[in-house]
Amino acid sequence: MDEVLTISQARPPQPCTLVILGASGDLATRKLLPALYNLEVYGRGLLPPKTAVLGFARTEMTPEGFRQRAREAVQRHAPGGLREELWNRFAERLDYLSGLERADGFERLKQRLQAIETARGLPPNRIFYLSVPPDAVQDAVVRLDGAGLIAPPRGEHFSRVVVEKPIGNDLASAMEVNRTLRKHLAESQIFRIDHYLGKEVVQNLFVLRFANGIFEDIWNNRRIAHVQITVAESEGLGSRAAYYDPVGALRDMVQNHLLQLLSLVAMEPPVSLDPTAVRHAKANALRALRPAEGSRVREQVVRARYRSGVVDGQRVAGYLEEPGVRPERRAETFVALKVFVDNWRWSGVPFYLRTGKRLARRASAVFVVFKEVPEILFNRGAWLRPNVFAIRIQPDEGFSLDVLAKEPGLDLAVRPVRMNLRYASEFGQASPDAYEHLLLEVMSGDHTLFLGASFVRTSWEFVQTILDQWQRDPSIPLGSYEAGSWGPPEADRLLAADGRAWFEP
Ligand code: BG6
């Protein structure tokens with residue numbers, strides 16, 4: 001089969017200046033600069049001509065120092081490494097300005113932007129990527145606007161602001177951030193990132209469900225017994241205690257990435273491919289989530305943090321030994337939840353979610369587990385494995401369906417076999433990193449892969465009830481698990497109580 005049908009063509013990205021506020025931080029180093037570099041090289045050549053990247057942060061550094069830093073970031077974090085002969089082509093786009101915290105910082109930013117645009121012959125199209133701590137987002141937006149850096153939304157040139165997750169650190173602050181954004185920007189100028197939406201397989205979930213005729217009739221509580229979503233990381237805290245320790249896994253991963261995945265599995269078909277319609281359908285799925293309130297939190301939510309252990313053959317420290325961790329904050333590095341989407345389609349189908357750091361390996365997947373056949377023919381007296389449709393998000397991207405088949409031979413013996421599609425063999429190339437895709441989408445002005453305000457609100461509402469209950473009832477256990485394992489025993493018990501077990505992604 002070689003027929004490719006292009007449903008909608010990506011809009012071309014526009015030449016612009018991308019300002020990374022917080023350019024000396026972790027996200028810029030690990031993700032943004034390597035993604036921009038990859039867009040430039042590796043045959044993609046996708047960065048629009050003349051486009052410039054201006055790092056803007058507190059750290060004192062010369063533009064040359066920033067280029068050097070970017071070079072190291074690319075060497076360490078770009079999947080294909082650094083290609084010496086192409087480095088200069090990328091490096092000439094980079095510039096740097098310090099003084100983000102200074103009173104006149106944004107005035108100086110404005111002057112530098114004008115200088116860059118004049119020198120490169122660029123139109124004043126500007127993207128401000130707020131790679132700053134959540135509590136600095138509002139201040140940055142106010143100051144951008146105050147310096148006259150936000151152009152009117154329908155003008156000839158664009159100003160766009162990219163806001164990273166987490167948006168706020170609880171429901172109230174998320175709402176406040178949204179209010180500030182909307183006070184200074186039109187919705188069309190705001191791009192709220194959840195980088196899971198930039199992952200190829202996550203986008204494919206939508207296509208699988210709605211471009212194929214076979215799924216819709218079985219995608220409901222009549223055929224599906226339960227759904228599991230696992231997002232496992234083998235990495236630990238690294239140097240991120242300042243951000244992570246006050247936050248924990250529920251806020252860091254569940255409020256955004258896991259609920260995104262859940263909404264894509266659970267959503268109703270949107271009325272069109274229009275970004276607003278898609279966002280609406282996703283937020284509606286979340287609205288149907290049964291709140292995990294009161295005693296349900298103790299029963300349906302497991303939290304824990306890692307002890308020391310062995311990951312990838314290396315002995316690693318426990319969470320409490322990591323630099324910068326304060327035990328009294330009681331941050332969890334693992335959460336498992338059992339949730340229900342209380343609507344017509346999903347009534348009675350549990351969704352089990354789990355995520356954690358320092359687990360056995362980095363692997364994320366969705367498992368859709370179908371109901372068993374009646375206990376009449378093959379299922380009589382012996383338990384047969386159910387059909388499982390697995391969507392592997394990373395690292396081995398693909399999907400598979402487990403079915404039962406007769407083993408060749410005279411006996412009537414059945415065993416599970418796997419129909420497996422691997423992206424690497426089917427599409428013959430590595431998928432681009434999520435940030436590559438998302439950065440291009442901001443440059444082209446397409447909102448489909450970005451969060452709407454209502455998703456942010458609804459996801460926080462769900463998470464906030466759990467946070468409140470943890471706060472109210474400190475006797476709810478904070479368990480522990482050995483680094484390199486699949487999490488605490490309580491998470492296994494959560495499923496065992498329903499006669500189930502986690503699938504290993
Ligand atoms: C980020 C979280 O949003 O996602 C990190 O803040 C986490 O704690 C990361 O490590 C995981 O992303 P990925 O793409 O590596 O699965």
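Worth saying up front: this structure is predicted, and the values here are computed from it rather than measured. Remember, it's 1-based here, ligands and their atoms both numbered in the order they're listed.
The protein heavy-atom contact nearest to atom 16 (O) of ligand 1 is Tyr196 OH, 2.4 Å. Ranking the protein heavy atoms by distance from atom 5 (C) of ligand 1 puts Arg240 NH1, 3.3 Å first. Protein heavy atom closest to atom 14 (O) of ligand 1, with residue, atom name and distance, is Lys199 NZ, 2.6 Å.
If you check each of Arg362, Glu164, Arg30, Glu233 against atom 9 (C) of ligand 1, the one with the closest non-hydrogen atom is Glu233. With atom 1 (C) of ligand 1 as the reference point, the heavy atom nearest to it among His257, Lys31, Arg251 is part of His257.
When Gln228, Arg354, Lys338 are each tested for a side chain to side chain contact (heavy atoms under 4.5 Å, CB included) with Leu495, only one passes: Gln228.
Using a 4.0 angstrom heavy-atom cutoff, Glu235 does not count as in contact with ligand 1.
Close approach of ligand 1 to Asp252 is summarised as follows: ligand atoms under 4.0 Å from at least one heavy atom of the residue are 2 (C), 5 (C), 6 (O), 8 (O). Atoms of ligand 1 found under 4.0 Å from any heavy atom of Lys165, numbered from 1 in the order shown, are 1 (C), 2 (C), 3 (O), 6 (O). Every atom of ligand 1 is numbered from 1 in the order shown, and the set under 4.0 Å from a heavy atom of Lys357 is 5 (C), 7 (C), 8 (O), 10 (O). Atom numbering of ligand 1 starts at 1 in the shown order; those under 4.0 Å from a heavy atom of His195 are 1 (C), 3 (O), 4 (O), 12 (O), 13 (P), 14 (O).
Outside the 6.0 Å centre-distance limit, the rings of Trp502 and Phe367 are not counted as a close aromatic pair.
Arg298 has a carboxylate O that lies under 4.0 Å from a charged side-chain N of Asp473, or vice versa, which qualifies the two as a salt bridge. Between Glu397 and Arg422 there is no salt bridge, since none of the side-chain N atoms of the basic residue sits less than 4.0 Å from a carboxylate O of the acidic one.
Looking only at atom types and distance, the side chain of Thr448 has no donor-acceptor partner in the side chain of Glu441 under 3.5 Å away.
Environment of CZ in Arg58: sparse, with no more than 12 heavy atoms of neighbouring residues, nucleotides or ligands closer than 6.0 Å.
Residues meeting the side-chain hydrogen bond (donor to acceptor under 3.5 Å, both in side chains) test with Glu60, sequence neighbours left out: Ser98.
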